[in-house]
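Here's the structure, in structure tokens; my notes come after.
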Protein chains: 2
Amino acid sequence: MRQVADTPSIWERPEPPERRAPSPLSRERIVRAAVTLADAEGLEAVSLRKVAAELDAGPMRLYRYIGTKDELLDLMVDAVYAEIPPPTGSGWREVARSYAHGIRAAGLRHEWLADLLDGRPRFGPAAVTHAEATLTALRAAGLQEIDTIMSTVEVLSTYLRGALRTEVGERRAERTSGLDEREWQHAMAPHLLAMFATGDYPLMSEAMHDAEHRSATERFDQGLGYLLDGIEQSLSG
Amino acid sequence: MRQVADTPSIWERPEPPERRAPSPLSRERIVRAAVTLADAEGLEAVSLRKVAAELDAGPMRLYRYIGTKDELLDLMVDAVYAEIPPPTGSGWREVARSYAHGIRAAGLRHEWLADLLDGRPRFGPAAVTHAEATLTALRAAGLQEIDTIMSTVEVLSTYLRGALRTEVGERRAERTSGLDEREWQHAMAPHLLAMFATGDYPLMSEAMHDAEHRSATERFDQGLGYLLDGIEQSLSG
DNA sequence: CTCCTTTCGATACACTGTATCGGCAATATA
DNA sequence: TATATTGCCGATACAGTGTATCGAAAGGAG
């Protein structure tokens with residue numbers, strides 16, 4: 001019988017705390033939880049403690065699956081890429097449009113994406129697969145030279161990053177100025193009125209009053225159209 | 001003589017701690033300190049404690065001048081706008097180029113700007129002044145209708161936001177992969193080689209190997225050129 | 001000289017990412 | 001089957017964050 005010298009009898013020894021069955025865990029589960037959290041409460045609500053709690057785990061358990069919070073964010077971005085359908089279309093303009101709208105849709109589904117797309121090259125499997133599919137579709141649709149293809153997707157993705165930020169930023173501004181309408185009217189509106197009242201900004205005033213108000217989608221498509229027209233011109237030139 | 005009942009004599013009472021002359025403080029000083037810090041050590045190093053320390057002040061003293069850290073960030077952005085010269089040029093393309101390069105230069109001087117330009121409308125005095133100057137220059141250079149002017153600067157600023165992020169992101173990636181070259185070669189390079197070795201990404205490989213490598217400025221100008229060509233086309237059409 | 005207001009530093013709180021360590025549980029070994 | 005080993009993971013801790021609260025000191029007013 002195994003009984004170390006000064007181990008008290010079973011009657012004295014306290015029972016160890018009951019252990020719950022460990023929750024199943026995987027990178028995919030963690031990333032899903034993080035994405036859900038970010039969708040629901042914003043990226044700033046994604047803390048390792050909260051993600052772990054969502055999974056019935058202690059915070060440090062996550063470090064068996066990721067090395068760093070930044071790595072988790074990388075995984076989240078790749079998870080979004082995995083949602084984006086590969087671009088399709090017969091002409092290269094169609095493919096480009098499909099590419100752009102696919103990413104835009106994903107970015108509007110997950111508004112935090114705009115904050116994470118920081119321009120570093122992305123080497124996650126889904127991102128790479130999506131990139132390869134994009135290049136393939138563009139070549140199949142008529143662009144042969146790799147340089148033309150790369151220029152096109154580079155400029156497209158640059159515009160996309162900006163457009164996403166713009167659109168998401170506006171959404172957020174509207175949302176917060178809608179929620180704390182009280183505070184907004186109290187803090188921001190007088191400042192704007194006072195500025196315009198000085199008469200120092202006639203064109204800004206004209207823009208506010210007379211310019212036609214187009215939807216975010218319209219503006220996005222207009223910019224995209226400019227870009228495609230410019231590219232097309234450079235192709236024929 | 002004023003001497004409350006149980007106040008000990010001067011010999012017993014400890015001298016209050018010596019008070020240093022308070023450092024002069026103002027919003028401008030605070031913002032300048034924050035900008036300097038962000039330039040030197042990155043945006044994540046900008047904490048109220050560090051900014052205050054730089055100014056020989058306690059952290060809470062800053063709250064006499066700003067209401068929130070986010071407000072400080074807003075002030076920093078406006079301070080950058082104040083550095084940007086108003087766009088100039090005779091033709092509207094020239095003005096547009098001047099606008100774009102002015103903002104790009106500022107964004108490269110202060111790499112954190114790309115992180116703060118989130119797309120929300122900016123109502124700081126310098127930002128508004130710069131915007132008004134831009135609109136004025138565009139109208140003076142030939143664009144009459146306010147709608148055309150607004151479309152142009154909207155699409156330009158969208159592209160700019162994306163381009164800045166792209167460029168700054170690449171710089172950071174290069175910098176960190178240059179500094180921890182050891183780690184990068186150990187962690188990222190094998191992953192890339194393995195991926196390309198599968199043969200599943202022929203176009204990505206072709207791009208890596210055969211595509212010409214252009215400088216960031218060239219790519220920026222190329223995208224800008226596409227955009228301007230597209231706009232010009234819509235003007236004449 | 002006394003009162004009052006403004007200013008600010010000290011302290012505290014909740015929260016973050018993550019390093020360290022100790023013990024339990026499953027596995028490999030004898 | 002008994003023991004040694006390994007790997008997993010929770011508890012704890014630490015340094016840092018933004019900011020609320022409060023008391024005391026300084027400056028101005030009567």
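Numbers restart at 1 for each chain; the letters A, B, ... are given by sequence-line order, proteins then strands.
At D/dT17, one or more side-chain N or O atoms of B/Lys50 fall inside 4.0 Å of OP1 or OP2 (strictly under the cut-off). B/Tyr63 has no side-chain polar atom (N or O) that falls below the 4.0 Å cut-off from OP1 or OP2 of C/dC8. One finds a side-chain N or O of A/Arg64 lying less than 4.0 angstrom from the OP1 or OP2 phosphate oxygen of D/dC8.
Annotation: side-chain contact (heavy atoms from CB on, under 4.5 Å) contacts of B/Thr166 (sequence neighbours excluded): A/Thr158, A/Arg161, B/Glu170. Residues that satisfy the salt bridge (Lys or Arg N to Asp or Glu O under 4.0 Å) test with B/Arg64, not counting sequence neighbours, are absent from this structure. Residues meeting the salt bridge (Lys or Arg N to Asp or Glu O under 4.0 Å) test with B/Glu111, sequence neighbours left out: B/Arg171, B/Arg175. Not counting sequence neighbours, the partners of B/Arg214 by the side-chain contact (heavy atoms from CB on, under 4.5 Å) test are A/Ser151, A/Glu154, B/Glu212, B/Glu218, B/Arg219, B/Gln222. The salt bridge (Lys or Arg N to Asp or Glu O under 4.0 Å) search around B/Asp200 returns none, not counting sequence neighbours. Here A/Tyr201 pairs with nothing under the ring pair (Phe, Tyr, Trp, His ring centres under 6.0 Å) rule; sequence neighbours left out. For the salt bridge (Lys or Arg N to Asp or Glu O under 4.0 Å) test, residues two or more places apart in sequence or in another chain that qualify with B/Arg122 are B/Asp74, B/Asp118. Among residues two or more places apart in sequence or in another chain, the side-chain contact (heavy atoms from CB on, under 4.5 Å) test is passed with A/Ser47 by A/Arg49, A/Lys50.
Near DNA chain D, meaning a heavy atom under 4.0 Å away, there are no residues from residues 28-39 of chain B. Residues from residues 65-74 of chain B lying near DNA chain D, meaning a heavy-atom separation below 4.0 Å, are B/Thr68, B/Lys69 in numerical order.
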Dump every N/O contact between nucleotides 12-14 of chain D and the protein below 3.5 Å, one line per pair.
none

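Applying the side-chain hydrogen bond (donor to acceptor under 3.5 Å, both in side chains) test to every pair with at least one member in residues 29-43 of chain B, sequence neighbours left out, gives these pairs: B/Glu28-B/Arg32, B/Asp39-B/His110, B/Asp39-B/Trp112.
Separating the CZ atom of B/Arg61 from the P atom of C/dT7 is a distance of 11 Å, rounded to the nearest angstrom. Computed from coordinates, the B/Leu25 CG to C/dG9 C1' distance equals 14 Å when rounded to whole Å. What separates CD of A/Glu44 from P of C/dG17 is a distance of 12 Å, to the nearest Å. The separation between A/Leu62 atom CG and D/dG10 atom C1' is 12 Å, rounded to whole Å. Whole-Å rounding puts the B/Asp56 CG to C/dC8 P distance at 14 Å.
A/Asp115 has a carboxylate O that lies under 4.0 Å from a charged side-chain N of A/Arg172, or vice versa, which qualifies the two as a salt bridge.
Nucleotides of DNA chain D nearest to B/Ala45 and A/Gly58 differ in position, and the one nearer the 5' end is that of A/Gly58.
By the 30° and 60° cut-offs, the orientation of the rings of A/Phe220 relative to A/His101 is perpendicular.
Among the heavy atoms of the strands lying under 4.0 Å from A/Val46 are primed sugar atoms or P, OP1, OP2 only; no base atom is included.
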